[in-house]
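By convention in this document, chain letters (A, B, ...) are assigned in the order of the sequence lines, proteins followed by strands, and residues within each chain are numbered from 1. None of the values given here were measured: they were computed from a predicted structure.
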2 protein chains.
Amino acid sequence: MSVTIEDISKKLKLSTSTVSKALNGYKDVSEKTRDLVMGTAKELGYHPSAAARNLRRQRTDKIGFVFNNSLMYISDYFAEVIVGATAAAETVGNNIVLYINEGDSPDSLIQLIRAREVDGFVFVWNHVPAHIVDMLLDENVPFVVLGRRVGHPQASWIAPDNYNGGLELMQHLINLGHTRIGFTTRPSMGRTNEDRFNAYKDGLIQAGISIDRDLIVETKLEPFSGYHAAKQLLDLNDPPTAIFAFHDYVAIDAHQAIVERGLKIPDDVALVGFDGLNVSAFTTPPITTVSQPLAEIGRESILTLLKRIANNDLPPIQKTLPVELKIRRSTQPEKSSNST
Amino acid sequence: MSVTIEDISKKLKLSTSTVSKALNGYKDVSEKTRDLVMGTAKELGYHPSAAARNLRRQRTDKIGFVFNNSLMYISDYFAEVIVGATAAAETVGNNIVLYINEGDSPDSLIQLIRAREVDGFVFVWNHVPAHIVDMLLDENVPFVVLGRRVGHPQASWIAPDNYNGGLELMQHLINLGHTRIGFTTRPSMGRTNEDRFNAYKDGLIQAGISIDRDLIVETKLEPFSGYHAAKQLLDLNDPPTAIFAFHDYVAIDAHQAIVERGLKIPDDVALVGFDGLNVSAFTTPPITTVSQPLAEIGRESILTLLKRIANNDLPPIQKTLPVELKIRRSTQPEKSSNST
DNA sequence: TTGTAAGCGTTATCAT
DNA sequence: ATGATAACGCTTACAA
């Protein structure tokens, strides 16, 4: 097979333990032999076997990245987060292993955990139910939830500041004079939805605007869902002058619905999204949104997980990262002329 | 630590080998003991240690997915391909390990290979240079290049039919009456670029249109590069009436440049992209493109790699997958009215 | 049908 | 400073 420590030890007439020590930079080995070992290691093209190392060290230097299929439909989110995470992991010699798991069968998750193929897990799920968190805690496996708050107090998570971002968005719309603002919500009431929805309601309340249930419509977790939601809003007797879409892809769907109705954005209907994905800038007009620091969320999740891998008795780590309002033409009245 | 085979064997007063055999469904074990073993395995919550298994079997059931950072900028591509690949791998009990590697330092690649953390590699690079292929062959490691043809005859790859897709695109434009068609090309002349460029040229030649060097402009591998390329084309004394963008993101950049010039798509300038990424449908008007079967390319790459892992002495496997022309409003004259 | 024992490649402990 | 040895958890000839 390939070159092992034994090959080096034989060639140098040293014991494998000395070679191992030299290779790993232990100081109880003479400089002479260390140079010798290093030299022949390079000469022979030696590289340690990950499997042997993992078995012995009871550690893999790998991190499981567990996501569900629907993440694919928000590819900008997926790509940025994953690349951020992978890069962060690699800086400390770790790698990311991908797992598609919907979280619907705890058994497959337990199997994953017990196989110890990875040292810990990052979950990228729309919703992490309490019984799964309990199970993870029970198994005593290090984990972090990426991108959303989790109700369970013992869970660690890294999430964007959905509430304050939403509030900024609402204040922006209200400052522009909008009083009838539609909101597209989610069927499952996860924390992300809750935070954005609360921001919507509080934004209205702070402005002294009463909440109209007709202006709140539900979207499903499927493509074109935002399209139907927007149509529903536009069909109202007293339709909204602005629509707050749950996230950018929903906003893009809504954009299409609005345009099909022959309405102008933002003159007839203003439109805002959420997340700050690249795609939100590609529509005409580009869509005002709240941008979350995706790469940093990915990075921070890894760093946090590594801390838990080092010591899983740490109290839960929960971080809210700041977001940024990006005002674009979907809410701003058209400027008189264009410039390069 | 966790439950091992020994725990089961002790509890049942059996040898570890018998337990192992029972667990792995060998037939030279009585049904009674097998049920017993299976039962206590479940009862104790046993799951095999991946590390021990890997070491013993000299196999990891993991596949390395090597990509460079620039893939992040075409997130639709990245997401679809990766999810397709991950799903395909999981159906046969394999997983994907991500590696960011630009291919600029063969050393880090060799290290990766020799560590045998994975059984084989899928490369997702813009360009796979011959010396890297030579190195991979030299190391006798199974690998497949995803998404592009490779010049090296010994390399295995799965790629879309760029040439014929490009030709269809050109015929479509020419049928619409365009004779001055701009093309945005790449600085590095990889096979993908070559194929699309050849399609551009052959499309013109087949229609009896002479090639005008002014209509061929170079883009860089950076954001907004397509924007500048399009402006350069529009600034010509005799500007094109149609632009063939190297890929969809370049087309989106070009779209912006065209709109900024106050020109109408497709009336003043028709626009086509390539790849069929979701984003190409989000612009106004949506962009005509050639769609590649990304998930299938991901899937097929994994299946091909698995074949090579099973037997790397196989002759190189090289597959061209069919693509599909998607005609959208960026090339079609506006219809009189819209419908739901 | 079951058990023994060796080995995968490394690291850690304890002697020397 | 170096070496012998055990151990990590599993699989597989081979023996019984």
Novice: Using the closest heavy atom to pick a nucleotide of DNA chain D for each, name whichever of B/E6 or A/K32 lands nearer the 5' end.
Specialist: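 On the 5' side of the pair lies A/K32.
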Novice: Output the distance between atom CD1 (B/I297) and atom OG1 (B/T320), rounded to the nearest 0.5 Å.
Specialist: 10.0 Å
Novice: What is the separation between atom CD on B/E31 and atom P on C/dT1, rounded to the nearest whole Å?
Specialist: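 Interatomic distance, CD of B/E31 to P of C/dT1: 10 Å.
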Novice: Can you list the steps and then say if A/S156 with A/R308 is a side-chain contact (heavy atoms from CB on, under 4.5 Å)?
Specialist: CA-CA 9 Å; A/S156 294; A/R308 300 207 68 82; 3.3 Å; yes
Novice: Above 12 or not: heavy atoms from other molecules or residues under 6.0 Å from CD of B/E102?
Specialist: yes
Novice: Quick one: A/L12 CG to D/dT2 P, roughly how many Å, whole number?
Specialist: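 It is 11 Å, rounded to the nearest whole Å.
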Novice: For a quick test of reading the model: is some side-chain N or O of A/S49 closer than 4.0 Å to OP1 or OP2 of C/dG9?
Specialist: no
Novice: Is it true that A/E139 and A/R114 make a salt bridge, defined as a side-chain N closer than 4.0 Å to a carboxylate O?
Specialist: yes
Novice: Bend angle of the helix from C/dT1-D/dA16 to C/dT16-D/dA1 from five-pair axes at both ends, rounded to 10°?
Specialist: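 For the helix from C/dT1-D/dA16 to C/dT16-D/dA1, the axes at opposite ends meet at about 40°.
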Novice: ring-ring contact (aromatic ring centres under 6.0 Å, His included), that's the test. Do B/Y99 and B/F65 meet it? Break it down for me.
Specialist: CA-CA 6 Å; B/Y99 300 99; B/F65 206 89; 10.0 Å; no
Novice: Is there a donor-acceptor pair under 3.5 Å between the side chain of A/D61 and the backbone N or O of A/G93?
Specialist: no
Novice: Between B/S30 and B/L55, which is nearer to the 5' end of DNA chain C once each is assigned its nearest nucleotide?
Specialist: B/S30
Novice: Going by the salt bridge (Lys or Arg N to Asp or Glu O under 4.0 Å) test, which pairs reach into residues 16-30 of chain B, not counting sequence neighbours?
Specialist: none
Novice: Find every protein N or O atom lying less than 3.5 Å from an N or O atom of nucleotides 11-15 of chain D, and list the pairs.
Specialist:
| from | atom 1 | to | atom 2 | distance (Å) |
| --- | --- | --- | --- | --- |
| D/dT11 | OP1 | B/R53 | NE | 2.9 |
| D/dT11 | OP1 | B/R53 | NH2 | 3.2 |
| D/dT11 | OP2 | B/S20 | OG | 3.0 |
| D/dT11 | OP2 | B/N24 | ND2 | 3.2 |
| D/dT11 | O2 | B/R56 | NH1 | 2.4 |
| D/dT12 | OP2 | B/Y26 | OH | 2.4 |

Novice: Relative to the ring of B/F78, is the ring of A/F78 parallel (under 30°), tilted (30 to 60°) or perpendicular (over 60°)?
Specialist: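 A/F78 and B/F78: tilted rings.
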Novice: Between B/E117 and B/K62, does any side-chain N to carboxylate O distance fall below 4.0 Å?
Specialist: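 Result for this pair is no, no salt bridge flagged.
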Novice: Over how many whole Å does the gap from A/I8 atom CD1 to D/dT2 atom P extend?
Specialist: 15 Å
Novice: Considering only C/dT2, C/dC8, D/dC10, which nucleotide approaches the side chain of B/A52 most closely?
Specialist: D/dC10
Novice: OP1 or OP2 of C/dG7 versus the side-chain N and O atoms of B/Q58: is any pair under 4.0 Å?
Specialist: no
